[in-house]
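Note that the structure is predicted; figures quoted are calculated from it, not measured. Both backbone and side-chain heavy atoms feed into the values below; hydrogens, waters and symmetry mates do not.
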Amino acid sequence: MPFFRKTKYKILLFLSLLVVISQTTLAQEADVSRLRISLLTCSPGEELYSTFGHSALRVIDSNAVSDMVYNYGTFDFNDPKFYQKFIRGKLMYYLNVEQYQEFIFEYAVTNRSITEQVIDLTAEERQRIRTALNENLKEENKFYLYDFFLDNCTTRLRDLIEQNKTPAPVFLPVMDTSTTFRNAIHLYLDSNRQVWSKLGIDLLLGAPCDAVMTVRQQAFLPDNLMKMFDAVPNTRIVQQKKMVVELQEGKESDFELSPTLIFSLVLLFYILLAFFASRLTVFKNILAGFDYLLFAATGLLGCLFIFMMVGTDHIMTKQNYNILWAVPFNIIAAFYVQSSRRRAVLYFLCNAILQGLLLLSWSFLPQELNFSLIPVTILLLFRSIAIWRSGNIKMKYKNAERNTVQ
């Protein structure tokens, strides 16, 4: 009996060891890669290029003792055709990889926080993602045509997770479902008090920017993708979330004169100048000089809008309704602000009618025009009417003189 009892214990011990060994082996087979993958979301910075934040992917490999950050937001500033490519929408971005410590140091010194979300993935999914990243690092694959709204450093990470996680995460909206692309970027520009940058962006971006975003398109902003990861329904996609770089309390932005105030003051200046010009001849020539500058400047802007619409690959600069006040023909009309020719007089009458209709339909256009442009449009209406009346009087006077001579 003692023999059988000892044998029984040995068998039980042996079976227990087999179970432990098998479970350990299965666990090692299931996660032989020893990988951890995290989404890094960087807060907005003070400069325009950093106003909307940034996203990158952190990959920790315990086997290789490496901690790397994969960044799709890299471009070659030293490219001799950098500005030409940037303006025409042909600038290529590429995937870059760097040490994690180097990455976070850059954001720490510029006082930008970084939030890390460890993504809940199986060993196979983590391996697939790293394989895809390394494949994209190859010289023939790493470049892509950057589009701020539709294909950027954040949307690339969204797509990567969707393609390699099973089942693919279903994202919920993190903004109002009626939010447009323009509304979304305005939130960041207003938050950073970048009123002049907001005006410049509104000048260049046309009606496509006023399209309502789909849920997936909301993820073009880094903060939105982070919130979407937190809000995935029915399944957990974030294992752990923490702030790896804290945001230090900074100083308030300096006061900046708004475009609305500046343009309103210009309008007031014009009204006063026109008042004095009606009484003193010397002011008439000064007023004519300012009229030349006004119509030449708006005409040049109109030409720029035409170029951005037809001469570039930017999708969001198409169908730009700013061309209704910045009429390209103004660049020619600028030379006829004192003319009494019938065609010139008729042009300014047509332009006055156009500006009047634009003001009446301001809130109903397919494109949201910047509010600060209303004083500019009123000024163009005001001066077009004045030049038309002056030219019309001169034309009638010349006709009367011609008839008298005959």
Side-chain angles (χ1 to χ4, degrees), residues 20-43 53-76 93-110 112-144 151-169 171 219 222-223 225-226 228-230 232 235-246:
V20 171
I21 292 169
S22 64
Q23 288 179 345
T24 304
T25 305
L26 287 172
Q28 289 176 344
E29 289 176 354
D31 195 11
V32 69
S33 60
R34 303 285 291 174
L35 296 174
R36 190 179 81 163
I37 297 179
S38 307
L39 176 68
L40 300 179
T41 303
C42 311
S43 67
H54 183 53
S55 297
L57 215 58
R58 179 186 185 186
V59 179
I60 299 176
D61 186 343
S62 299
N63 286 338
V65 195
S66 67
D67 191 353
M68 310 301 293
V69 174
Y70 291 79
N71 179 10
Y72 278 97
T74 316
F75 56 86
D76 183 9
Y93 276 55
Y94 62 90
L95 175 62
N96 184 44
V97 64
E98 59 184 304
Q99 294 285 345
Y100 171 71
Q101 291 299 329
E102 294 177 1
F103 181 84
I104 64 170
F105 175 77
E106 178 184 350
Y107 286 86
V109 296
T110 54
R112 295 174 63 186
S113 66
I114 300 178
T115 302
E116 180 180 21
Q117 292 166 296
V118 180
I119 306 173
D120 189 9
L121 301 164
T122 66
E124 182 183 355
E125 289 167 348
R126 291 195 290 270
Q127 189 62 54
R128 284 207 306 262
I129 289 173
R130 186 172 68 166
T131 300
L133 287 169
N134 289 333
E135 186 67 22
N136 284 339
L137 272 176
K138 293 180 179 178
E139 192 68 23
E140 64 271 22
N141 298 330
K142 69 178 184 179
F143 292 96
Y144 70 100
D151 192 1
N152 65 19
C153 56
T154 302
T155 62
R156 289 255 156 177
L157 301 183
R158 174 203 63 194
D159 296 345
L160 187 67
I161 300 300
E162 282 182 332
Q163 292 164 7
N164 292 284
K165 182 169 176 57
T166 306
F171 295 126
D223 283 344
L225 184 62
M226 178 179 68
M228 286 178 173
F229 272 32
D230 285 335
V232 171
T235 183
R236 186 181 70 167
I237 191 173
V238 177
Q239 281 184 337
Q240 180 186 356
K241 182 179 181 180
K242 62 178 179 179
M243 189 85 71
V244 292
V245 176
E246 296 282 349

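Ion pairing of R36 with D61 is absent here, as no side-chain N (NZ or NE/NH1/NH2) approaches a carboxylate O to less than 4.0 Å. A salt bridge does not link K241 with E116: every distance from a Lys NZ or Arg NE/NH1/NH2 to an Asp or Glu carboxylate oxygen is 4.0 Å or more.
Contacts of Y94 classified as ring pair (Phe, Tyr, Trp, His ring centres under 6.0 Å), with partners at least two apart in sequence or in another chain: F143. Q99 is linked by a side chain to side chain contact (heavy atoms under 4.5 Å, CB included) to M68, E102, counting only residues two or more places apart in sequence or in another chain. With sequence neighbours left out, K142 forms a side chain to side chain donor-acceptor pair (under 3.5 Å) with E139. Annotation: side chain to side chain donor-acceptor pair (under 3.5 Å) contacts of N164 (sequence neighbours excluded): none. Under the rule for a side chain to side chain donor-acceptor pair (under 3.5 Å), the partners of Q239 that lie at least two apart in sequence or sit in another chain are D120. Remark: S55 pairs with T154 by the side chain to side chain donor-acceptor pair (under 3.5 Å) rule, at least two apart or across chains.
Counting heavy atoms from C-beta outward, T115 and K242 have side chains that stay 4.5 Å or more apart.
Side-chain contact, Q117 with D230: a donor N or O sits under 3.5 Å from an acceptor N or O.
The two atoms that bring Y93 and G73 nearest to each other are CD2-C, 3.7 Å, heavy atoms only. Taking both residues in full, the closest heavy atoms of L40 and Y100 are given as CD1-CE1, 4.2 Å, listed atom of the first, atom of the second, then distance.
From R112, atom CZ reaches atom CD1 of I104 across 14.0 Å, with rounding to the nearest 0.5 Å.
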